Amino acid sequence: MKLSFSIIGCGKVGSALGKQLAEAGYRPVGFSSRRMISARQAAEFAGVPDRCFEKIWEAAKDADLVFITTPDDAIKETCRTISKNNGFTENAVVFHCSGALSSIELASVKSCNAKSGVMTGSMHPLQSFASEDPGKPGNPFDNIMMAIEGDPGAVEKAREIAKDLGAQPFTIRTDGKILYHAAAVVASNYLVTLMDLSIKLMAASGVLQSEAFDILKPLIQGTLANIESTGIPDALTGPIARGDVGIVEKHVQAIRSLSDETADGMADYYCMSGVETIKVARAKGTLSEDAAKQLLQILKSE
Ligand SMILES: NC(=O)c1ccc[n+]([C@@H]2O[C@H](COP(=O)([O-])OP(=O)(O)OC[C@H]3O[C@@H](n4cnc5c(N)ncnc54)[C@H](OP(=O)(O)O)[C@@H]3O)[C@@H](O)[C@H]2O)c1
């Protein structure tokens, strides 16, 4: 028989996790959140409408696995409150799903339950959960990566749970979580910002803004495919990789001269990215030292 679980904090991740764990055969025993309506909805989606609790420690007390899926800054206090109220059962495993924080956030479990064998870990689904509707069809954990760390016993459980959810687990160093999360922010959030800049420049060139993404999409996909097949730095193409100093200079001038009030910000972003791109081009070996110096002068003086 699969383990029982509770969800504390029934938002986007907590609700989806509750539903998918139940579908994978784990036994839902408690749901609690800041508002009862969230806990009730998550409990309903997991098929146990009567298992929602006002007190977080009551929701946790019968569970082999407790998932604290509140916002990051509420995890420590939520864990402490459950601990103080003896809400963790003997040998329970307590997880949170934050990408930036480690299992150390759950340290109160150890001080308040020293003899009970409670273990702690973190399981971060490396995916963007934007939907407030856990009833949406499909499994959002399917084929995603799941970063796990914590007590050895918790890591072992997390591996099993991740696989049961359809995700691919990988372990991460406890002290590496903040940089791991920064990497994820760059790959996901900053990619959105980068696309925003690219679409704005495309629109400034005269292309309809509504068509800009579709025009760029095959290029973006081709670049991703190149990174996958040849890796970095070989996937880098374009004027910096070729050492086309004059073209880069014209880019910067054209962006700065836009009437848009954000033109300077866009040019600064272009230049900053260009400086980093010079390092990649040098590593690729296609950019001479002399051309690199000229490019640096343009990108840093602008
Ligand atoms: N969203 C993502 O893309 C994503 C991806 C990976 C990991 N994560 C991680 O997953 C965790 C949850 O994120 P989320 O996006 O699901 O957040 P969310 O949608 O804001 O949900 C958090 C829920 O926690 C409840 N809550 C807030 N304070 C609480 C407290 N003190 N006690 C009990 N419940 C409380 C809220 O309650 P009410 O609804 O009851 O008001 C809210 O529904 C975070 O650690 C986050 O870093 C998120």
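Everything numeric here is computed off the predicted structure, so don't read it as measured data. Remember, it's 1-based here, ligands and their atoms both numbered in the order they're listed.
When non-hydrogen atoms are compared, ligand 1 lies under 4.0 Å from neither the backbone nor the side chain of A100. Of the heavy atoms in S98, both backbone and side-chain atoms come closer than 4.0 Å to ligand 1.
Within the 3.5 Å criterion, the main-chain N or O of G153 finds no donor-acceptor partner in the side chain of D151.
Heavy atoms of Q127 come nearer than 4.0 angstrom to ligand 1 in at least one pair. Remark: distances from the non-hydrogen atoms of H96 to ligand 1 are all 4.0 Å or more.
Looking at ligand 1, you won't find any N or O of S128 less than 3.5 Å from one of its N or O atoms. Considering backbone and side-chain N/O of R34, one or more are found under 3.5 Å from N/O of ligand 1. Residue S33 has at least one N or O atom closer than 3.5 Å to an N or O atom of ligand 1.
A donor-acceptor contact closer than 3.5 angstrom is absent between the side chains of S83 and R80. Checking S108 against K76 by side-chain atom types alone, no donor-acceptor pair falls below 3.5 Å. Judged purely by distance below 3.5 Å, without hydrogens or angles, the side chains of S32 and E54 never pair a donor atom with an acceptor atom. For the residue pair E90 / S116, no side-chain donor-acceptor distance below 3.5 Å is found, with atom types taken as modelled.
For atom 9 (C) of ligand 1, the nearest non-hydrogen atom from the set G9, A39, A42, C97 comes from C97. The closest heavy-atom contact to atom 16 (O) of ligand 1, among the options V13, I8, I75, T69, comes from V13.
Residue V185 is found in a hydrophobic cluster whose other members, listed by chain and number, are V186, Y190; membership requires side-chain heavy atoms under 4.5 Å apart, directly or through intermediates. Counting Ile, Leu, Val, Met, Phe, Trp and Tyr side chains that sit under 4.5 Å apart, directly or through other members, L21 shares a hydrophobic cluster with L3, F5, I7, V13, L17, Y26, F31, V48, L65, F67, V93, F95, M119, M123, F129, F141, I144, M146, I148, V155, I161, L165.
The protein heavy-atom contact nearest to atom 32 (N) of ligand 1 is T70 CG2, 3.9 Å.
Shown in contact with S38 at under 4.0 Å from a heavy atom are these atoms of ligand 1, numbered in order with element: 38 (P), 39 (O), 40 (O).
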